[in-house]
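Throughout, protein chains are lettered first and strands after them, A, B, ... in sequence-line order, and every chain is numbered starting at 1.
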Amino acid sequence: MINTLLEENHMQENSILRAKYAAKNLDVYYADKQALFGINLDIMENQVTSLIGPSGCGKSTLLRCLNRMNDVIDICSVKGSIRLDGQDIYDDGIDVVELRARVGMVFQKPNPFPKSIYDNVAYGPKIHGMIDQKSDADEIVETSLKKAGLWQEVKDRLAAPGTGLSGGQQQRLCIARAIAVNPEVILMDEPCSALDPIATAIIEQLIDELKQKFTIVIVTHSMQQAARVSQKTAFFHLGSLVEFGDTDQIFTNPQNQQTQDYITGRYG
Amino acid sequence: MQEHIVSAFECELNSLKNKILKMGGMAESQLRMAIQALKTNDFELAKKTITADAELDKLELEIEELAILIIAKRQPMALDLRRVIVTIRISGDIERIGDLAKNLAKRVIAISGRAPQYLISGLDAMSDLAQQLLKDILNAYAHDNVQQALQVWRRDAELDRLYNSVFGELLIYMMVDKHNISFSTHLLFGAKNIERIGDHATNIAENIHYMVEGELISGERPKSDMTSISNYKFDENTDK
């Protein structure tokens, strides 16, 4: 009975899903060295997709392609296509600044600006022209901090420097900063690797809530974290996508031997 | 299959496996002792069988504790996760097999040699087959051998057929003389116990299949127990 219910839920979930991103035959090179080989991957809207694999497997490279962060690396070149809502983000006409407003990013180490908590959150909306008057900024700061689950802890000290917060709070501040510009996608590059277990749990809870509004792609080295937070998991090895599927299945019954060996700790 | 990078994890998984095999060997010998006690009307052996069961229960607890510890410490994934979970289930099945053998041993004392040998020989044949199934299923578990597990899964129907014939035989015996009813009933329960052991062997087979393949066995298991109403085909929608 429960099984049937789960399956039905699953089917309903799947039936309303659509691909936010579609990568087709994606090759990425750093100078002569190829980092990604013919990646084909759909990332579903309002789901959390985790990218896992040993160091150097290409998962972070893929993540950085999704908002063209790789553009800042001169020797990096990209072939194939990545479509966001059907539009190739590597087309000539694409405004990269606008793209990065649509696709926010949270990094491994919390990196708040050396400014007040308030300004950390208000900065993005300001430079993107989303703010006409002070009350707009106040509202965006409050709702963003609330969505990031930080409001209660900082509402009385919004003028204090963001760098004075604890590591977990700083990371949530970075998430608030990312969602302040109202993005559609949030990319997370090992967002919890510098945090203690409680701060990690808070971020994971947050990821779960954020997926209602955003599409989330997360790179993580923690298998357990990938299993806990994501609905889809992609396993990479040596620049290739080895296996992609439902997280529930990848961690209980992976189809590929390499995936099995990696997630069970048989090679690294 | 490659070994784990963390060798202590490998050791713990092996220890889990060895404990299951030890448990299985003990349950097998309990069944052998119980049927021997019945055949020879040996009260001492029957009592020994009954007390031996405590050791099996102890081992089941050890397996459970180790499995919980592995989950807490190692957070196993994929095949390892299935292996740990399945081990807990299989230890439960073997523990039940021990209980059934113990129950059979208790009947020896209740019957007190009043049953004729040729009636007991029906149970003896059942026990031979049950022991064989048990041995095969432990072998299948030891070597992750799905094919052998599936053979056991199918062969349980043979045990059901033997049970049917013992059942019929005992019924006739009871109808002939009401003085036969008491020991015949005990024998009937004993036969049912052995038949149940076969069912536990098939449970183990299903678990081995899940452990290795990651999927449940598809299709209905062949059943031949015609003595109960349970073979009546219920409307599929009503029993959910």
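- Closest heavy-atom contact between A/T252 and B/R82: O-NH1, 2.5 Å.
- Of the atoms belonging to B/E3, it is backbone heavy atoms, and not side-chain ones, that fall under 4.5 Å from chain A.
- Considering CD of B/Q2 and OG1 of A/T264, their distance stands at 8.5 Å, rounded to 0.5 Å.
- When atom types are taken as modelled, the side chain of B/Q75 and the backbone of A/Q224 share no donor-acceptor pair closer than 3.5 angstrom.
- Checked by atom type and distance alone, the side chain of A/Q260 never pairs as donor or acceptor with a backbone atom of B/A78 at under 3.5 Å.
- Around atom NZ of B/K17, more than 12 heavy atoms belonging to other residues, nucleotides or ligands sit under 6.0 Å away.
- Neither the backbone nor the side chain of A/Q249 comes within contact range of chain B, judged by heavy atoms closer than 4.5 Å.
- Residue B/F189 places its CZ atom among 12 or fewer non-hydrogen atoms of other residues, nucleotides or ligands, all under 6.0 Å distant.
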